[in-house]
Amino acid sequence: MDTHKQLTIGLFGFGVVGEGLYKVLQQTPSLKANLKKVCIKNPGKKRNAPASLFTTDKDELLNDPEINVIVEVIDDADAAFQIVTTALKNKKDVVSASKKMIAEHLSALLELQEKTGQSLLYESAACASIPVIRNLEEYYDNDLLHSIKAIVNGSTNFILTKMFEEGLDFKQALILAQQLGFAESNPKLDVEGYDAVNKWTILLAHAYGIVEHPDNLVFNGIQNIQLSDALVAKEKHYDIKLVAQAKKLLDGKVAAFVLPQFVKQDDHLFFVKNEYNGVVIESSFADKQFFYGKGAGSFPTASAVLSDISALRYNYRYEYKKLYHHIIPELSNDFYIKTYVSFDDWQFIPKEKFEWIEEWHAEADRKYLVGVLPFSELKNNNWWRENNTSLILAPEPVIEDVEIRRLKKSTNNLAFRQGNFSPFPFSAVKN
Ligand SMILES: NC(=O)c1ccc[n+]([C@@H]2O[C@H](COP(=O)([O-])OP(=O)(O)OC[C@H]3O[C@@H](n4cnc5c(N)ncnc54)[C@H](OP(=O)(O)O)[C@@H]3O)[C@@H](O)[C@H]2O)c1
């Protein structure tokens with residue numbers, strides 16, 4: 001006897017994800033989920049589904065007592081928030097793919113889940129087809145999780161792959177990503193890192209119990225990356241990726257940010273190409289684990305939505321274990337970061353802010369250096385993303401205080417031994 005809950009679905013949105021879900025549901029009769037109504041915005045659009053299914057009146061879904069699940073896959077974060085909160089208050093479980101809406105309103109949504117007892121699932125909002133949220137929730141205990149780093153934005157990864165492996169220029173690669181349904185309708189969200197930081201906000205809550213507004217995280221996108229950066233990367237046998245990461249520091253706090261990074265060939269993320277996403281989780285005993293899958297697109301995203309719908313049949317809800325049942329670590333700005341910076345003119349680079357500089361190339365029109373900065377410099381200032389400056393992190397970017405003193409000392413010694421203490425326009429190592 002099937003004791004699973006019978007699901008009657010009201011779907012908001014019939015775009016890339018919504019239509020994908022419609023098709024996937026048709027091919028999954030075993031789920032026994034009945035799609036009763038679809039709410040869309042523009043009634044005039046041609047749809048690949050019976051006209052009787054569609055409405056533009058959201059209350060037809062939200063006030064229908066027979067509908068017990070609202071699936072929200074629209075591209076308007078403000079409207080999505082209204083729909084999701086009303087649905088929860090109306091005692092409906094919700095599945096959503098809207099990372100922007102979830103990231104920006106996570107606190108309010110947590111409160112509402114507590115208050116209503118309803119379930120809000122959003123696996124597809126993080127890495128589309130990769131089941132990372134449920135794994136972080138169910139499998140990884142807070143104390144064991146050393147670090148998590150990931151490529152969470154399929155469209156920037158697609159653009160970088162097409163630029164650096166197939167020689168497309170930025171605009172061509174972006175248009176191709178949009179044509180294939182990998183990019184958001186507003187490309188700024190992807191390209192400038194907003195989408196990635198929204199996803200990272202969500203994953204931080206499930207990895208460490210840290211609930212932060214995305215505006216409070218340090219992030220950037222790929223908009224400043226230049227062809228010359230790619231050439232430097234090639235020379236060093238690196239790839240450039242937009243990497244989101246979080247790392248437990250020695251003092252128990254967490255370093256978290258989303259920035260472009262040089263990725264070495266022996267890094268799992270090196271092999272994540274095109275619209276794929278990848279997540280590397282490092283824990284005490286299991287060491288490194290790597291999750292890989294499509295991070296965007298109609299069916300891959302719909303598959304995660306489907307999995308959430310399926311989980312609702314047995315009343316699954318996120319327990320937010322790290323948030324409610326563990327001591328929540330603080331987010332830290334008190335560490336150092338090793339980074340490459342390329343730029344057109346010295347006047348835009350505050351050289352004195354660097355702890356030390358390891359490489360310095362001032363000959364060409366496009367100049368660059370590799371050095372170590374306090375992370376707070378990125379948090380508190382903007383020079384590193386202005387005036388055509390491109391900042392790309394080194395492969396193992398996080399340097400903690402203890403380590404920095406040791407490294408500083410040995411760099412000093414080396415400089416003295418080689419008799420070239422001041423090879424640059426300023427002292428190579430800050431004293
Ligand atoms: N595409 C992906 O690969 C992907 C991956 C993961 C997550 N997501 C997320 O999934 C969501 C949907 O993305 P998408 O790519 O499917 O977007 P999309 O192709 O642009 O489709 C958006 C849909 O939302 C509908 N819509 C907009 N405002 C509405 C409103 N107020 N009420 C009802 N319907 C409304 C639109 O209606 P009309 O058809 O009438 O215009 C359209 O059907 C977004 O939050 C996105 O971030 C997307």
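Nothing fancy with the numbering, it's 1 onward along the sequence. Whatever order the structure lists them in is the order used to number ligands and atoms, beginning at 1. Values below: all heavy atoms of this structure, side chains included; hydrogens, waters and symmetry mates excluded. Bear in mind the structure is a predicted one, so any value in this text is a computation, not a measurement.
When heavy-atom distances to ligand 1 are checked against a 4.0 Å cut-off, S298 has no atom that comes that close, whether in backbone or side chain. When heavy-atom distances to ligand 1 are checked against a 4.0 Å cut-off, V16 comes that close through both its backbone and its side chain. Contacts with ligand 1 closer than 4.0 Å are made by side-chain heavy atoms of K45 only, the backbone lying farther away. Contact annotation: for R47 versus ligand 1, heavy atoms closer than 4.0 Å belong to the side chain alone. At a 4.0 Å heavy-atom cut-off, ligand 1 touches K99 through the side chain alone.
In this structure, F343 has its ring center no closer than 6.0 Å to that of F348. A distance of 6.0 Å or more separates the ring centres of F271 and Y292. Between Y140 and H146, a ring centre-to-centre spacing not shorter than 6.0 Å is recorded. Ring centers of F158 and Y276: at least 6.0 Å apart, outside the cut-off.
The heavy atom nearest to atom 45 (O) of ligand 1, considering only D190, I74, V73, is found in I74. Within the set T56, V38, I40, L11, the minimum heavy-atom distance to atom 34 (N) of ligand 1 is found for I40.
Defined by atom type and a distance below 3.5 Å, a donor-acceptor pair is present between the side-chain atoms of E377 and W383.
Annotation: cation-pi geometry satisfied between R134 and Y316 (NZ/CZ under 6.0 angstrom from ring centroid, within 45° of ring axis). Remark: R47 qualifies as a cation-pi partner of F54 under the 6.0 Å distance and 45° angle criteria applied to the six-membered ring.
The shortest separation from a heavy atom of E19 to ligand 1 is not under 4.0 Å, leaving the residue out of contact. Residue contacts with ligand 1 include G297, since one or more of its heavy atoms lies under 4.0 Å from the ligand. Contact between C39 and ligand 1 is present, with at least one heavy atom of the residue lying under 4.0 Å from the ligand.
A distance-only check finds no donor-acceptor pair linking the side chain of E19 to the backbone of G15 [under 3.5 Å]. Side-chain atoms of T339 come within 3.5 Å of backbone N or O of I392 as a donor-acceptor pair. Without hydrogens or angle criteria, N224 side chain to N388 main chain gives no donor-acceptor distance under 3.5 Å.
Interface atoms of ligand 1 facing A79, defined by a heavy-atom separation under 4.0 Å, are 31 (N). Every atom of ligand 1 is numbered from 1 in the order shown, and the set under 4.0 Å from a heavy atom of G13 is 23 (C), 24 (O), 25 (C), 43 (O). Within the listing of ligand 1, atoms 6 (C), 7 (C) sit less than 4.0 angstrom from a heavy atom of S124. Residue contact check: A296 has heavy atoms under 4.0 Å from atoms 3 (O) of ligand 1.
Looking at D75 next to ligand 1, an N or O pair under 3.5 Å apart turns up. Considering both main-chain and side-chain atoms, I83 never comes within under 3.5 Å of ligand 1 through any nitrogen or oxygen pair. Residue contacts with ligand 1: V17 is placed with a nitrogen or oxygen under 3.5 Å of a nitrogen or oxygen of the ligand (distance criterion only). Taking any N or O of G15, backbone or side chain, at least one lies under 3.5 Å from an N or O belonging to ligand 1.
Note on ring orientation: taking the six-membered ring where Trp is involved, the planes of H361 and Y368 are parallel (angle under 30°, cut-offs 30° and 60°).
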